[in-house]
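Counting begins at 1 with the first residue of the sequence. We count ligands from 1, going down the list as the structure has it; atoms in each ligand are counted the same way.
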Amino acid sequence: MSRKPIIAANWKMHKGPAEAVEFIEEFDNLIGGSSLVDIVLAPTFVSLPAVRDALVNSELIQVASQNCHFEEKGAFTGEISIGMLQEIGVDYVIIGHSERRAIFGEDDRLINAKAKSLHAAGVKPIICIGETLEERDANQVENVLRRQLKEGLMELDGEKMFETVIAYEPVWAIGTGRTATPGQAQEAHAFTRKVIGEIFGEDISAKIRIQYGGSVKPANTAELMSQPDVDGALVGGASLDPGSFSEICKNSTV
Ligand code: PGA
């Protein structure tokens with residue numbers, strides 16, 4: 001089963017509009033006119049319009065937001081609706097990132113509400129899952145992933161799952177420089193695919209793309225991507241520099 005790799009840059013709270021556009025100019029030159037992988041940039045909300053404009057002639061690069069609210073509108077100070085993101089032309093929305101879970105108290109129920117609203121609106125979710133170091137040390141990886149998948153993907157539309165992306169990001173590997181070994185990543189990805197198969201059936205589990213995230217760098221990309229169930233990467237720190245992010249994209253073709 002061949003799945004096209006999807007490489008996403010999660011810029012977190014970095015790069016305002018001017019810096020984001022500068023990145024795109026440099027990155028475009030480095031990557032050239034074609035790529036064998038899907039490339040997605042996830043800037044901050046305020047940089048989304050500038051990024052979309054800078055990519056107006058790009059068939060290569062898609063745009064993600066790092067979060068959304070699940071309601072269409074209302075008294076939710078500081079929040080952004082999916083309709084607003086669609087107006088800008090956002091293709092994907094990252095939900096359930098471990099920083100949202102840990103710092104902003106998001107739980108599987110909320111993530112599920114966002115996933116449902118994204119599916120209803122026709123925007124593709126990138127749903128993040130992953131265990132903490134304590135959970136890994138306590139041999140809870142499978143229990144945690146199973147819970148996050150069962151609750152986060154509850155009652156989602158099977159048809160829309162084909163275009164949904166799952167990002168396995170072990171929390172202990174995010175921003176720490178400590179990458180999961182290719183074997184650890186493969187094991188968690190294979191388990192994730194198995195659970196998705198239990199929920200949605202074999203057809204979807206064979207086609208859904210599962211990204212790895214956590215200290216992905218140019219030097220460790222190829223080995224991670226060569227694992228049979230690793231279908232891309234969600235990249236934080238190393239995506240901030242056009243040089244290293246373009247290397248990661250190039251090293252992702254297996
Ligand atoms: P990192 O972040 O690549 O800096 O570890 C990954 C992520 O948080 O998505």
Minimum-distance protein heavy atom relative to atom 7 (C) of ligand 1: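 Protein heavy atom with the smallest distance to atom 7 (C) of ligand 1: E169 OE2, 3.2 Å.
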Minimum-distance protein heavy atom relative to atom 3 (O) of ligand 1: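 Checked against all protein heavy atoms, atom 3 (O) of ligand 1 sits closest to G236 N, 2.8 Å.
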Should [X] be listed as contacting ligand 1, given a heavy-atom distance under 4.0 Å as the test?
X    : value
G175 : yes
A167 : no
G214 : yes
H97  : yes

Go through ligand 1 atom by atom and flag the ones less than 4.0 Å from a non-hydrogen atom of [X].
X    : value
A173 : 5 (O)
G237 : 1 (P), 3 (O), 4 (O)
K12  : 2 (O), 7 (C), 8 (O)

Proximity to ligand 1 by part of N10, non-hydrogen separation under 4.0 Å: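 Only the side chain of N10 comes within reach of ligand 1.
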R52 and D91, any side-chain heavy atoms less than 4.5 Å apart: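 Contact flag for D91/R52 side chains = yes.
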Minimum heavy-atom distance between Q186 and D229, given as atom pair plus value: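 It is NE2-OD2, 2.7 Å.
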Polar contact flag for T176 and ligand 1 (N/O pairs, less than 3.5 Å):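 It does not: no N or O of T176 is found under 3.5 Å from an N or O of ligand 1.
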